[in-house]
Trainee: 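Dropping the structure in here first, questions after.
Keep in mind the model is a prediction, meaning the values are calculated, not measured. Chain naming here is simple, since letters A, B, ... match the order of the sequence lines and numbering starts at 1 in each.
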Amino acid sequence: MPESAVKASSAVAEITVDSVPQLPVDQLQNMYRMMYRIRRVEESLLELAESGKIGGAMHTAIGHEGSAVGMADALQREDYLTCTYRGHHHSLARGMDAKRAIAEVLGRADGFAKGKGGSMHFIDPSLGLMGANGIVGAQVPQAAGMALASKIRGDGRIAITFFGDGAMYQGVMHETFNMAQKWSLPIIFYCENNRYSEMTPITRTSSVEEMYTFVRAYGMRSVQIDGNDVEVVYHTVKEAAERARAGEGPTYIEGITYRLAGHMAGDLETYRSEEEIEEQRGYEPLVVLKNKLLDRGVSEETLQVIRQEVDAEVEEAVEFAQNSPWPDDAEAYTDVYALA
Amino acid sequence: MRKTTYIQAINEALREEMRDDESVFMIGEDIGHYGGLFRVTRKLMDEFGPNRVIDTPISEQGFMGMAVGAAMTGMRPIVELMYMDFFLVCADQIFNQGAKMNYMTGGVVNVPMVIRGQHGGGKRYGSQHSQCVESTFAQFPGIKVVVPATPYDAKGLLISAVRDPNPVLFLEHKMLYFTRGEMPDADEPYTVPIGVADVKREGSDMTLATFSYCLLQALEAAEELEAEHGISVEVVDLRSIVPLDMETIYASVAKTGRLLAVHESQSNCGIGAEIVARIYEEAPHLLTAPARRLGMAPASIPVSGPLEEVLLPWKKNIKAAVLETMRTPTFA
């Protein structure tokens, strides 16, 4: 049996933020809708991949929805965001249309980048989405550059960048932490620690397991939270954003989470046991939020209606994407250089 | 008309663009308080302050990535790499990120940034501080590559580079820094468009296409060849290699019938090979004899002065290559 990267039965390791105020039930219900929408889009994409309709590498965020949805509500639409190739959830949470997202993954003309970017390069500047990235860690200095631009312009925008535990040992991360802290840039570093660097448990490659402790060497404020609890994510990101906007510099947030699907479509998942995954299903973001909603008086029927509405909506988006035409051949040669 | 050094020309372009456009800022190592290792950014911090002339730690990946990110928001960063050799340290951010961004996003996000700094041999800096790299950049669509040889072209092309909506690599040769050239008066604005070559010396026997410091070496070689051998060499200054202005080369070869391409980066798979390949593909009828190329021999750059001289495609080697090109029999 593979060595487990999950050291406790809890979804969390060494939480530094544990109690936060409750959000209004209406807002939580909307968050549930968005988290379920992300889940259904990801599941639909996996089905499309299994049927051979998606080429290349596709990384779903099933189990990571809490960090994306908590973040989206806590920030302004114009705040910059960069993320990893596991970035569908951030884009959808910030309002990307599922139709254009799925069309893009399929390489179709109606994709947000006309099919040239695909799963690993989600982007839409009108939503502050400044790019998912195919290279581990590369999006992090870019977000710091966006924060630097905001600082130079003095326009009050902040930046947030998402990365995984696996990115922590890219040298550019540490170059960026240093500059962001030294220059007090308005940025939030959000580590989605799912405890596997691609197909290897972090326990096997990392000399440090508590990722939030790294940046303390740079003097940066950092916290570790339950990244599966959307309320905790919301309040933590919101507080970090307020600090950044007030000129108090960056915050590093380590959100503990768990990837319920493979690293990418087609992952053999030989590195973890069925039992481990089953156990984690008890702590995953949708279950955590559903239990909160039921506790706070929302009926199972209400949630079921939400799910049915989303099911129909995502089904329609998949249909739309599959019917979207291939890009015109001439598109292969355009956009190499910007013209003006 | 006045005369300035190449360094002063670049400094003026930076200052004028910083004054004209608040979205322009500079970032790099020792560029602010110190004024740049080669003093190219001298006194710019005094005028524009530390928010727009940013001294970084020695973190090339980090600040190159920050420049890409800032450019994605519409800023126009100018990054100085202290030695162009250091592009290898931050290659991902240049090639995989900046150069590809416009394409990957279907034209939704462009990256208007300039990467500038000095390259080249001649100062005994050895293998990791002397190489020319332009051909490597030409392998990656999405970034323009500008290689000016004179102060006039340096200033005019740098202004164009800053205003360009794409990433532009602006290569300054360390041997050019203290050369002087004629310039319009300081208050007389001008630009030089990227992608247009310039005939720097007229001639009738053969065309020599080159750029950057090799241009100066070629012009000296041409003078000596005329005096010593009566060979009339037309020297075309490419000024940029991406885009590459083949039309100006063809117009010259139409007159001379012979072509030699010269550059300081590696001969193997270099821009000279590209120029020769293109003329064979697109305009072979212009050639009366085989086209040739001269680049850096397949070795790293040694520290020892005499060894450096053996390898670099400068005057002595250029003269030999011209004579060989002229000796090559015409096509039957």
Side-chain angles (χ1 to χ4, degrees), chain A residues 80 82 104 109 111-118 120-126 129-131 133-135 137-155 157 159 161 170-180 182-183 185 327 331 334-340, chain B residues 22-25 27 49-52 54-77 79 89-90 92-93 95-113 140-144 163-168 242-243:
Chain A
Y80 298 117
T82 70
E104 183 65 31
F112 51 80
K114 299 181 278 190
K116 293 181 180 181
M120 293 198 276
H121 301 286
F122 273 42
I123 193 161
D124 185 348
S126 71
L129 297 168
M130 301 304 287
N133 210 299
I135 303 298
Q139 76 283 8
V140 172
Q142 289 170 12
M146 292 162 198
L148 176 69
S150 292
K151 194 180 174 200
I152 293 172
R153 289 192 296 250
D155 62 9
R157 284 175 156 187
T161 181
Q170 288 280 30
V172 74
M173 303 291 292
H174 297 267
E175 297 181 16
T176 307
F177 294 145
N178 173 55
M179 285 185 274
K182 186 69 189 167
W183 301 339
L185 297 182
E331 274 300 337
T334 66
D335 303 319
V336 177
Y337 292 93
L339 299 177
Chain B
E22 284 190 348
S23 67
V24 179
F25 73 96
I27 188 164
N51 270 339
R52 291 182 67 201
I54 301 171
D55 277 326
T56 67
I58 303 169
S59 300
E60 285 89 1
Q61 268 198 88
F63 66 74
M64 190 63 75
M66 290 175 73
V68 171
M72 289 171 73
T73 76
M75 298 294 280
R76 293 183 178 269
V79 185
V89 180
C90 49
D92 178 63
Q93 288 294 340
F95 298 118
N96 249 340
Q97 310 291 332
K100 293 178 182 173
M101 198 62 73
N102 197 68
Y103 192 85
M104 285 194 300
T105 64
V108 166
V109 173
N110 62 312
V111 180
M113 69 185 280
F140 288 81
I143 185 165
K144 297 183 180 179
R163 297 177 187 176
D164 198 280
N166 297 284
V168 179
V242 181

Trainee: Among A:Gly171, A:Ala144, A:Pro141, A:Ala147, which residue has the highest count of heavy-atom pairs closer than 4.5 Å to chain B?
Mentor: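 Counting heavy-atom pairs under 4.5 Å, the top option is A:Pro141.
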
Trainee: Between B:Val89 and chain A, which part of the residue has a heavy atom less than 4.5 Å away: side chain, backbone, both or neither?
Mentor: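 The answer is neither part of B:Val89.
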
Trainee: Is chain A contacted by the side chain of B:Val108, its backbone, both, or neither, given a heavy-atom distance below 4.5 Å?
Mentor: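 Answer is both: backbone and side chain atoms of B:Val108 are under 4.5 Å from chain A.
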
Trainee: Checking B:Met101 against chain A: side chain, backbone, both or neither under 4.5 Å from a heavy atom?
Mentor: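 Only the side chain of B:Met101 comes within 4.5 Å of chain A.
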
Trainee: Just so I know, are the side chains of A:Ile152 and B:Met75 near enough to count as touching, which here means a heavy-atom distance under 4.5 Å?
Mentor: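 A side-chain contact under 4.5 Å exists here.
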
Trainee: Under 4.5 Å from any heavy atom of chain B, what part of A:Glu331 do you find: side chain, backbone, both or neither?
Mentor: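 The answer is the backbone of A:Glu331.
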
Trainee: Give, as side chain, backbone, both or neither, the part of A:Phe112 having an atom under 4.5 angstrom from any heavy atom of chain B.
Mentor: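 Looking at A:Phe112, just its backbone touches chain B.
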
Trainee: Answer with side chain, backbone, both or neither: which region of B:Lys144 has an atom nearer than 4.5 Å to a non-hydrogen atom of chain A?
Mentor: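 The answer is both parts of B:Lys144.
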
Trainee: Just so I know, are the side chains of A:Leu339 and B:Pro165 near enough to count as touching, which here means a heavy-atom distance under 4.5 Å?
Mentor: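 The answer is no; the side chains never approach within 4.5 Å.
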
Trainee: Non-hydrogen atoms of chain B under 4.5 Å away: do they reach the side chain of A:Ser150, the backbone, both or neither?
Mentor: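 Contact with chain B involves no heavy atom of A:Ser150 at all.
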
Trainee: Would you say B:Ile27 and A:Leu148 make side-chain contact, with heavy atoms under 4.5 Å?
Mentor: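 The answer is yes; the side chains approach within 4.5 Å.
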
Trainee: Which heavy atom of A:Ala338 sits nearest to which heavy atom of B:Asn110, and what is that distance?
Mentor: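 That closest heavy-atom pairing would be CB-CB, 3.6 Å.
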
Trainee: Is B:Thr56 in contact with chain A via its backbone, its side chain, both, or neither, using a 4.5 Å heavy-atom distance?
Mentor: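 Looking at B:Thr56, backbone and side chain both touch chain A.
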
Trainee: Quick one: CD on A:Gln142 to CD on B:Gln97, what's the gap to the nearest 0.5 Å?
Mentor: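 With rounding to 0.5 Å, CD (A:Gln142) is 4.5 Å from CD (B:Gln97).
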
Trainee: Given heavy-atom pairs under 4.5 angstrom as the criterion, report whether the side chain, backbone, both or neither of A:Ala138 touches chain B.
Mentor: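 It is both, since atoms from each part get that close.
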
Trainee: Between B:Ala70, B:Gly142, B:Gly107, which has the largest tally of heavy atom pairs under 4.5 Å with chain A?
Mentor: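 Among the listed options, the one with the most contacts to chain A is B:Gly142.
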
Trainee: When you measure from the side chain of B:Gln61 to the backbone N and O of A:Glu175, does any donor-acceptor pair fall under 3.5 Å?
Mentor: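 Not confirmed, B:Gln61 side chain does not pair with A:Glu175 backbone.
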
Trainee: Rounded at 0.5 Å granularity, tell me how far CG in B:Asp92 sits from CD1 in A:Ile135.
Mentor: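 B:Asp92 atom CG to A:Ile135 atom CD1 measures 5.0 Å (nearest 0.5 Å).
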
Trainee: OG1 of B:Thr105 to NE2 of A:His121: how many Å apart, nearest 0.5 Å?
Mentor: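 Spacing of OG1 (B:Thr105) from NE2 (A:His121) equals 10.5 Å.
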
Trainee: Measure the CE-CG distance between B:Met104 and A:Asn133 for me, rounded to the nearest 0.5 Å.
Mentor: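 Going from the CE atom of B:Met104 to the CG atom of A:Asn133 covers 6.5 Å.
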
Trainee: Hey, mind stepping through A:Ile123 and B:Met72 against side chain to side chain contact (heavy atoms under 4.5 Å, CB included) and telling me if it holds?
Mentor: CA-CA 11 Å; A:Ile123 193 161; B:Met72 289 171 73; 4.2 Å; yes

Trainee: Once you round to the nearest 0.5 Å, how far does NE2 of A:His174 lie from OG of B:Ser59?
Mentor: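 The NE2 atom of A:His174 sits 11.5 Å away from the OG atom of B:Ser59.
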
Trainee: Measure distances from A:Arg153 to the heavy atoms of chain B and classify the residue's part below 4.5 Å as side chain, backbone, both or neither.
Mentor: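 It is the side chain, since no backbone atom gets that close.
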
Trainee: Chain B heavy atoms under 4.5 Å from A:Met146: which part of the residue, side chain, backbone, both or neither?
Mentor: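 Looking at A:Met146, backbone and side chain both touch chain B.
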
Trainee: Restricting to non-hydrogen atoms, name the atom on A:Pro125 and the atom on B:Val109 that form the minimum distance, rounded to 0.1 Å.
Mentor: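 Looking at all heavy atoms of both residues, the closest pair is CG-CG2, 3.4 Å.
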
Trainee: Looking at A:Tyr337, is its backbone amide N or carbonyl O close enough to the side chain of B:Tyr103 to form a donor-acceptor pair, meaning the two atoms are under 3.5 Å apart?
Mentor: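 Not confirmed, B:Tyr103 side chain does not pair with A:Tyr337 backbone.
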
Trainee: Between A:Leu185 and B:Met66, is any pair of side-chain heavy atoms under 4.5 Å apart?
Mentor: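 A:Leu185 reaches B:Met66 side chain to side chain.
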
Trainee: Chain A heavy atoms under 4.5 Å from B:Asn102: which part of the residue, side chain, backbone, both or neither?
Mentor: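 Contact with chain A is through both the backbone and side chain of B:Asn102.
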
